[in-house]
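For reference, the structure discussed in these notes is given below.
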Amino acid sequence: VFTGRLSLDSQPWLADHDVLGTLLLPGTGLVELALRAAEQVDCGAIDELTLQAPLVIPEKGGVAVRVMVGGPDASEARTLEIYSSLDDETWTRNATGAIAPLAEPPTSDLAGWPPSDATPVPVDGAYERLLARGYDYGPTFQGLKAAWRRGDDEVFAEVALPEGADAARFGVHPALLDAAMHAGLIGDDESQAPPELPFSWNGVALHRAGAAALRVRLTRHRGSDGADVLVADETGAPVLTVGALVARPVSAEQLRGGGDHRESLFTLTWTKAPAGPAPDVPVAVYEAPRADGETPEAVRAVAEQVLARIQEWLADDGKGEERLAVVTRNAVPVDGEDIDLAQAPVWGLVRAAAAENPGRLILLDLDAGAAVPPLVDERELAVRNGEVLVPRLSRVPAAAVDPAREPWAAAGTVLITGGTSGLGALTARHLVTAHGVRRLVLTSRRGANAPGAGELRAELAALGAEVAIEACDVADRAAVAAVLERHPVDAVVHAAGVVDNGLVRGLTPERLAAVLRPKVDGAWHLHELTADRDLAAFVLFSSVGGHLLAAGQGNYAAANVFLDALAHHRHRAGLPVTSLAFGLWAADTGLGELEEADLHRMRRMGLPALEQEEGLALLDDALRTDEPALAPFRLDAAALRGRDAATVPGLLRGLVRSPRRRPAGPGAAEGGDQGAQLRRALAAQPDDAERGRLLLDLVRTHVAAVLGHDSTDAIRPDRAFKDLGFDSLTAVELRNGLRAATGLKLPATLVFDHPTPAAIADELRARLTGDQEPTGAPLDAELARLEAALASATPDGEAYARVADRLRALTAGWVETHRPQETEEADLESLSADELFDVLDDELDTRSSR
């Protein structure tokens, strides 16, 4: 038995072998382990080695490895098995095979180089193309220098390790041998094929150790999937031979071990800020106010003042690219200290504003008495004891989950707020069917009159549960106290909440308070009213929207950050608590239907939906840890790696290591000047018509991406964004994408000021080429601004009537004055409300509540 341990600390080159978002020991690494074991028992060659399971390298800590070799048989061959374990208790068999005595070395025919009858194969851009298939190779693995092809079956390659790589420690450095196989991956259709990994190796013999550069010949076996491999040094002398190598396609689920749901459980940690330059733009500082009194009222008071200051800042376009640093004090749990619960929600609100307005806002949390330090180029920072820290999400290790812990076993009666629909009802079913809970108290604002409440009670009763359904506004302390008086509960699940989506620029104190009340007030009342009870569990349903993808949900993000902060507050007081910042569910959550464009946006951002079974399994595992606040969500690291590094949220940068910047079509960023490549492309066009066509293609491509279309076919240049299905959030997302592609400062009202793809393309042409002549009719621009104003408004009944009357008078007067004499128009009074107020109907934010 040979033992060892692999980690990124001891073998940093392993961080450069990422397939579909998972760090793996390459198959060549398994070969190296097998060859080393064979050498120790005087064998020296691998008869066969077959992959059983990928050997995943953790991003933190290490993985134990065992290579087990059996006794010799009559031919001196021995069995070989490779195992790995993350916790030294549960072991995974990664490969099995056999080793044998070394045969005579072959005769190499690679002395003449390159083969005179072979055709060169371009390798420029090969690793960008492989990235599109899911191979995210870092510098150590990008060893392919040249390639040639001879006929249909032979491929030749030249590979080398980068300077500084230690080849002498290995028989053949796994990264170098892996690169030797890359020439076989490139071809005409490689971008359409799924990634492949070595599945079996046969007849592997090492003839010389320590080479840093190689010549390679791969010969495909006709009629089978295999290929033999001859590896030589720079003189043509044999280094390694492979009699047959077979590869198989692999999926992200297979690499994650069959889609283990524990890969989707994350926690927030604070780490030392990476070294880097300070922001090269001016920064203004605004310190968030503090508030005393009852916690819910203090939360609203602080949030309203911060909202007003942010709106004032964003409305002042004269600030240019100047950033506003919003400063809080002890509002985030860095060192386990107590949290200012009134200031904590500021982080959710500002995260939303920052996502909607890239480059305009910074979050900074200071400890008592600390001054604002020199800022590094990060959007979120904290200072503790003079050290600058940044927040990062990391996976919860499997060892942190205690499978023997069963909090619901002691929960005779469980209270679930928001329990008659959505995730509350889903949790109720789960507690009954999976954990044997037999008494439930389900609350909602309408109680037994809520849609589906009767059917849910009957369903749970049929499963053997006793169910009480109460009408209760959880923001009403007296109502909550009355429910708890009637039902002595042993556990609490707070799943109540409402949404009222809209950009931060258009939020009002009323809209803010309406979303805060059920989450903040409800959680606080439950916390205070059960503090003297010996609860088995106190579960808060938060949302990852408080951390990521908060755009368009500033009020909701603020409310959920409060729940996470309250969890740390309870934990510090020794009270049971688990706050779960769930990602998107592929189920009805009771918070309104998501459009396909919303689902596409989440997938493209690397955060696809949780399946119902996975989400409930994560709920169970979270309660089997000692962590007060966790974030269960699916992460598609491969999708994130397809984005420019600057667009990956800082919270995910510990999970997605330093995505490489790469061209992404016209207008992609290059170096420090985001519009340099686009300007060069424009300058290379022969005339203004071609420049306009290039910019229109750029705009249509971004529009298609925002709306989730696979191509630009459905994006007509003259079709209004309103008709294409744009709302305020997609409008901002398009503006942000074009801003990143062009390097231009574009207004939030871009889509309203220029309401078609062609109009935006004209505006970009004018800005990029210096032609600042008006590109659209002034009246159209003014109408677009009116639409933008209406889109951000949420009038009450009195205001709605007043605005409607003014619009009627304005429209009637304009039509009467400017109607062409030859045109027969319908009388204004005959128009329907939908026809007359299409702007209001199409653009005003919609709401749903639970």
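Below, each value reflects all heavy atoms present in this structure, side chains not excepted, and no hydrogens, waters or symmetry copies.
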_Heavy-atom closest pair, residues Asn357 and Arg505_ = OD1-NH2, 3.3 Å
*asked:* Can a donor-acceptor pair be found, under 3.5 Å and without considering hydrogens, that links the side chain of Thr269 to the backbone of Arg392?
replied: yes
*If we ignore angles and hydrogens, is there a donor and acceptor under 3.5 Å between the side chains of Glu614 and Ser264?*
yes
*Would you give the length of the straight line joining atom CG of Leu526 to atom CG of Leu415, rounded to the nearest 0.5 angstrom?*
6.5 Å
*Could you walk me through whether Asp626 and Arg405 pass salt bridge (Lys or Arg N to Asp or Glu O under 4.0 Å), step by step?*
CA-CA 11 Å; Asp626 293 321; Arg405 185 182 298 183; 2.8 Å; yes
*So, are Arg445 and Asp473 salt-bridged, with charged N and O less than 4.0 Å apart?*
yes
*Donor-acceptor pair, Thr417 side chain versus Ala496 backbone, under 3.5 Å?*
yes
_Working for salt bridge (Lys or Arg N to Asp or Glu O under 4.0 Å), residues Arg634 and Glu611_ = CA-CA 9 Å; Arg634 287 189 63 193; Glu611 294 299 329; 5.1 Å; no
*Does His525 use its side chain to pair, donor to acceptor, with the backbone of Ala475 at less than 3.5 Å?*
yes
*Do the side chain of Gln311 and the main chain of Leu507 share a donor and acceptor less than 3.5 angstrom apart?*
yes
*Can you check whether Arg511's main-chain N or O pairs, donor with acceptor, with Thr508's side chain at less than 3.5 Å?*
yes
_Would you say CG of Asp534 has more than 12 non-hydrogen atoms from neighbouring residues, nucleotides or ligands within 6.0 angstrom?_
no
*Have His487 and Glu470 got a donor and an acceptor in their side chains that come within less than 3.5 Å?*
yes
*Measure the acute angle between the ring planes of His569 and Trp524, then classify it against the limits of 30° and 60° as parallel, tilted or perpendicular.*
tilted
*asked:* One thing to verify: whether Glu380 and Arg351 come together as a salt bridge, which I'm taking to mean a side-chain N less than 4.0 angstrom from a carboxylate O.
replied: yes
*Name the orientation class of the two ring planes belonging to His435 and His430 (parallel below 30°, tilted from 30 to 60°, perpendicular beyond 60°).*
perpendicular
*Would you check, one step at a time, whether the test ring pair (Phe, Tyr, Trp, His ring centres under 6.0 Å) holds for Phe582 with Phe633?*
CA-CA 6 Å; Phe582 275 112; Phe633 63 90; over 10 Å; no
*Indicate whether any N or O donor in one side chain lies under 3.5 Å from an N or O acceptor in the other, for Asp564 and His547.*
yes
*Hey, what do you get for CZ (Arg300) to CD (Glu297), rounding to the nearest 0.5 Å?*
5.0 Å
_Take a 6.0 Å sphere around CD of Glu466 and say whether it holds more than 12 heavy atoms from other residues, nucleotides or ligands._
no
*Give, for atom CD of Glu627 and atom CG of Asp621, the distance between the pair rounded to the nearest 0.5 Å.*
13.0 Å
*Between Asp402 and Arg624, is there a donor-acceptor pair closer than 3.5 Å when you use the side chain of the first and the backbone of the second?*
no
